[in-house]
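Here the structure comes first, spelled out in structure tokens, and everything after it is commentary.
For clarity, every value in this text was computed on a predicted model and none was experimentally measured. Numbered from 1 within each chain, the chains take letters A, B, ... in sequence-line order. Just the heavy atoms: all of them, side chains too, but no hydrogens, waters or symmetry mates, feed the values below.
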Amino acid sequence: MTEFKPQQLDKKWQAAWSAAKAFEVDVDPSREKFYCLEMFAYPSGHAHVGHVRNYIIGDVMARMKRMRGFNVLHPFGWDAFGMPAENAAIKTGTHPEQSTLANIAHMKGQLQRLGISYAWGREIATCLPDYYKFNQWIFLKMFERGLAYRRRSAVNWCPKDETVLANEQVVDGACWRCGTTVVQRDLEQWFFKITAYAEELLRGLDTLEKWPEKVVVMQRNWIGRSEGARIRFPVAGPEPGGASPDAIEVFTTRIDTIYGATFVLLAPEHPLVEQFAAASADPAAFRARAAKLRAGDREARLTGTLEKEGFDTGRTAINPFTNEAIPIWVANFVLAEYGTGALMAVPAHDERDFEFAKKYSLPIRVVVAHGDETPSPDAMTMATTNYGRLVNSGPWNGKEAPAVMPELIRDAERRGIGQGEVQYRLKDWGISRQRYWGTPIPMIYCDKDGAVPVPYEQLPVELPKVASFTGRGDSPLAQVPAFVDVKCPRCGGPARRETDTMDTFVDSSWYFLRFADPRNAELPFDPAAAAYWMPVDFYSGGVEHAILHLLYSRFFTRVLRDVGLVNFDEPFTRLLTQGMVLKNGAVMSKSKGNVVDPDDMLQKYGADALRLYVMFVAPPEKEVEWSDAGLEGSFRFLLRVWRIVDHWAETIGGEGIPGCRTEECTESERALRRKTHDTIRRVTVDIEERMHLNTAVSSLMELVNELYSFSESTAHGAPSRGEPPAGRVERPQTIGALREAIDALVVMMSPFAPHMAEELWQMLGHVDGLSKSGWPVFDAAIAKAEEVVVPVQVNGKVRGRITVPPDAGEDRLRELALADPGVKNHTAGKTLVKVVVAKGPLVSVVVK
RNA sequence: GCGAAAGUGGCGGAACUGGCAGACGCGCCGGACUUAGGAUCCGGUGGGGCAACCCGUGAGGGUUCGAAUCCCUCCUUUCGCACCA
């Protein structure tokens, strides 16, 4: 009996893999590639079992695909820029680079101790200049194409610390450090024009067949396409002392209700508000009212409980369909960023407008009827928002919406007062961050030449090593004169560098491409390498990235396609969103003190038990509750595998054991072979297609149970039953069947428990390691049952079972079913209505 | 409010396309082996009933020879969006 010492096996085999560079790969057009990727990690310091679950899921897939003969790229890297490191620097003075690199080293060790099969030779860290150089390169390409542009935009500003705050640093409207109320401040900032790709990003979603529906829906909602029309409402009356604004443009998706538009609403930020204020009798009072609406209550806005408020501008606009003059109001619930920042209010058929009209006694006109009656506005208690037949709509009366909408739009276009338009909720992506620990934006500002891009040959614009981390000032880099003061690349005159850095989501929007060619110094990656490895075949990570990271990555892929670096649209063919690991019902976090450190588990049970448990406990997408007892159960299963293999290793081990021919086998040998092949089929499909790793493990457990029963029935007995009888020679068929079962078991265990599997494989006398073993091949002929038990239902309840050959015909099944004693008991004295023979097989008898 | 997903033993979960509900594991009970057992091996384990049998997948209805699975209504939970005109 050889003892199972998991910790020693972990060390032994991890060293062997590392020495053999077992997981490093190269482009090889003769082999089919498989790119398996887990979302790279933010180096927070310590990975807990929740993080680690994702890497194990990917590793099971990668190891399995490797054995299936694929050329598997399975890389890892670090999303290494970001605020936590900078915040820590502000508090402790440790430079972000120092803490980040230390964290990476520790976490890398953790992953290696788990035996995750990464191609560490391709490791990347986004905080290193050889990576972020290409963030800048891509930025410049975007700038050239008009996809990177600058405009003023609001940021959170803490007046006491005099610093910009990220949204995460604003807690309940106050600064995370000093508690001062945060104010908004306008700064010039860089944006990526993701909206230029809105339609394409939306349509591409239809091709993502192997993405969770949930994620596709979330992205679709986020992009938020609405079809409608932009209509101009002329502003009535001349300006008392100046030029009159000619019209207010509104966006509507319900042009069918336009005859019911009885007032116009402007967002408080709308430019006309200021114009109206300036022209009003008391501009200061006007502005004060608008400012009050703008301030709003941030909290109430977030929870959707903001009370609707507004005021009359005293001006009117002409509804271009009714030609009536209608009042123009300003309202706090109108969003400046969406549509045109102005809307036509149709209180009868929009709940928000209805609420507003009731509050301020504005006119309500019903223009859509359902059925014969047209409700009176006074009797209405709520808006009717569904489509119907138009009434009070002039020449359009009696027409049905939505069919009439294109006609109305055509009419507006003909009269030159508007046109059909598509709006998206998706907004351009603001990438400027007033932070140190990120990629410098490669732009230079010259008084003469304006915003000038840094020439490609001057990349990377490196982060200066010295910077003070006081947490004060608008941008830390602005305090480093050697960084800021440069010559203009165009005119050579004095100029200033951009001191903002990029949003770290830029880093993660293309890292999967970098892995194809991670040491390229000239380009982000070699297009040929990307053409071979991409797209990612299997991508897994947390659902918290369902929108931003995955949408930005799809955006970047298309930009790089248009730049000519890649030749496909979608970067991730198949996506798995793994569930979180909870402890005591809560997400693991340092602050809650409920973190399970994988290293503690490794010390106790070894890497394989932890890996197996995490895969067995639930399907990968599901949230799970951590359980020490469950881990122990998995450890016991490994012991059980170890014992049974060890028990037989000498008898069946060594190369050159002949296979066994089914026809020479006893019934129990054939049964073992059936189980073996049935397990091969199930485990293969469960890992490769269904990603039901938990049921893959349970199938393996069943095979092990079968091996114990089979052993019990041989002269050898099962493990722990004392010494086997001496001198007994087993039938070659027994040895063959066992060899087949045990070899398959060890190979199929290896994605889950690679260290133990390698050791057992060696113990079984195989000269080459598991990297050469291949994956067991399912043989339908062996798996095919010789006879099947067919349940027989009478009126839907199982009343008997018949045993037949698997190819028994329907007539034979029917005959045997009706002759079964249990069935007879329930059919005697009744009238046979019908007999259904279903595939399955199953016989269903109906009597009355 | 809108949208999506999910409700199965004491627990985690299984049931692939409508076909034997509860695989596999945890826990619990019993047995074997033992100086010993919190190790190991074997067996049992949805509820009720002595039994034949009856009941059972959140609740109620429907379709079907047959429903955890499909349809309708409702309840609960989780997630996403949240005044998007």
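Side-chain rings of A:F635 and A:Y613 stay apart, their centers remaining 6.0 Å or farther from each other.
Atoms CZ (A:F251) and C1' (B:C83) sit 16 Å apart, rounded to a whole Å. Between A:N386 atom CG and B:C2 atom P the separation is 13 Å, expressed in whole Å. Atom CG in A:D350 sits roughly 9 Å away from atom C1' in B:C83 (whole-Å rounding). Distance, A:H549 NE2 to B:G80 C1': 18 Å, rounded to whole Å. In this structure, A:R225 places its CZ atom 22 Å from P of B:C81, rounding to the nearest Å. As rounded to whole Å, 22 Å separates atom P of B:C83 from atom CH2 of A:W329. Here B:C81 presents its C1' atom at 14 Å from CD1 of A:I223, a figure rounded to the nearest Å. Atom pair A:M218:CE and B:G3:C1' shows a separation of 11 Å (rounding to whole Å applied).
Rounded to whole Å, the separation between the P atoms of B:C16 and B:G22 comes to 13 Å. The same atom, P, is picked in B:G3 and in B:C72; the two are 14 Å apart, to the nearest Å. Nucleotides B:A23 and B:G44 have their P atoms positioned 11 Å apart, rounded to a whole Å. Taking the P atom of each, B:A21 and B:C2 are spaced 39 Å apart, rounded to whole Å. Atom C1' of B:A14 sits at a distance of 14 Å from the matching atom of B:C20, rounded to the whole Å. If you take atom P in B:C26 and the same atom in B:A39, they sit 11 Å apart, rounded to whole Å. Spacing of P atoms, B:G7 relative to B:C70, comes out at 10 Å, to the nearest Å. Using atom P as the reference point in both B:A15 and B:U69, the two lie 15 Å apart (nearest Å).
In this model, the phosphate group of B:C16 is not approached by any side-chain N or O of A:R682 to a distance below 4.0 Å at OP1 or OP2. Regarding contacts with the backbone of B:C53, every side-chain N or O of A:N825 stays at 4.0 angstrom or more from both OP1 and OP2. Checking the phosphate oxygens (OP1, OP2) of B:C81, no side-chain nitrogen or oxygen of A:R220 falls inside 4.0 Å. Of the side-chain N and O atoms in A:R640, one or more sit less than 4.0 angstrom from OP1 or OP2 of B:C42. For the OP1/OP2 pair of B:G27 and a distance below 4.0 Å, the side-chain nitrogens and oxygens of A:R636 include at least one atom meeting the criterion. Contact annotation: A:K834 reaches the phosphate of B:C65 (side-chain N/O to OP1 or OP2, under 4.0 Å).
In this entry the base of B:G31 is anti relative to its sugar, with a glycosidic angle more than 90° from 0.
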Could you encode protein contacts along nucleotides 10-15 of chain B as a string, one character per nucleotide from 5' to 3', using B for base contact, S for sugar-phosphate-only contact and - for no contact, with a heavy-atom cut-off of under 4.0 Å?
--BSSS
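Within the nucleic acid shown, A:E702 comes within 4.0 Å of sugar-phosphate atoms alone, with no base atom in reach, counting heavy atoms only. Nucleic acid contact for A:Y708: sugar-phosphate only, since backbone atoms but no base atoms lie under 4.0 Å from a heavy atom of the residue. If you check every strand for non-hydrogen atoms under 4.0 Å, A:D353 touches nothing.
Under 4.0 Å is where a charged nitrogen must lie from a carboxylate oxygen, and between A:E702 and A:R682 at least one such pair does. A salt bridge links A:D678 and A:R681; the closest N-O separation between the charged side-chain nitrogens and carboxylate oxygens is under 4.0 Å. Electrostatic pairing of A:D686 and A:R690 counts as a salt bridge here, judged by a charged N lying under 4.0 Å from a carboxylate O. Ionic pairing of A:E355 and A:K308 is present here: one or more N-O contacts between side-chain nitrogen and carboxylate oxygen are shorter than 4.0 angstrom. Looking at A:E309 and A:K359, no side-chain N of the basic residue comes within less than 4.0 Å of a carboxylate O on the acidic one, giving no salt bridge.
If you check distances only, the side chain of A:K308 does reach the base of B:C83 with a donor-acceptor pair under 3.5 Å.
Take the nearest nucleotide of RNA chain B for A:V843 and for A:R681: the residue whose nucleotide is more 5' is A:R681. Mapping A:V845 and A:S226 onto RNA chain B by nearest heavy atom places A:V845 closer to the 5' end of the strand.
Looking at heavy atoms from C-beta onward, A:F752 lies in side-chain contact with A:I687 at the 4.5 angstrom threshold.
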So what's the dot-bracket for RNA chain B: Watson-Crick or G-U pairs under 3.5 Å, [ ] if a pair crosses, | if it pairs off-strand?
(((((((..(((......[....)))((((((.......))))))(((....)))..(((((..]....))))))))))))....
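Of all nucleotides listed (B:A85, B:A82, B:C26), B:A82 comes nearest to the side chain of A:R425. Each of B:C53, B:G25, B:C20 was ranked by its minimum atom distance to the side chain of A:P791; first place goes to B:C20.
In this pair, A:F4 and A:W642 present their aromatic rings tilted. The plane angle is within the 30 to 60° band. The aromatic rings of A:W329 and A:F356 stand perpendicular to each other, their planes meeting at an angle above 60°, with 30° marking the opposite boundary.
There is no side-chain donor-acceptor pair under 3.5 Å between A:T257 and A:Y387. A:T385 and A:H349 form no side-chain donor-acceptor contact under 3.5 Å, judged by distance and modelled atom types alone.
For the pair A:N594 (side chain) and A:K583 (backbone), a donor-acceptor distance under 3.5 Å is present.
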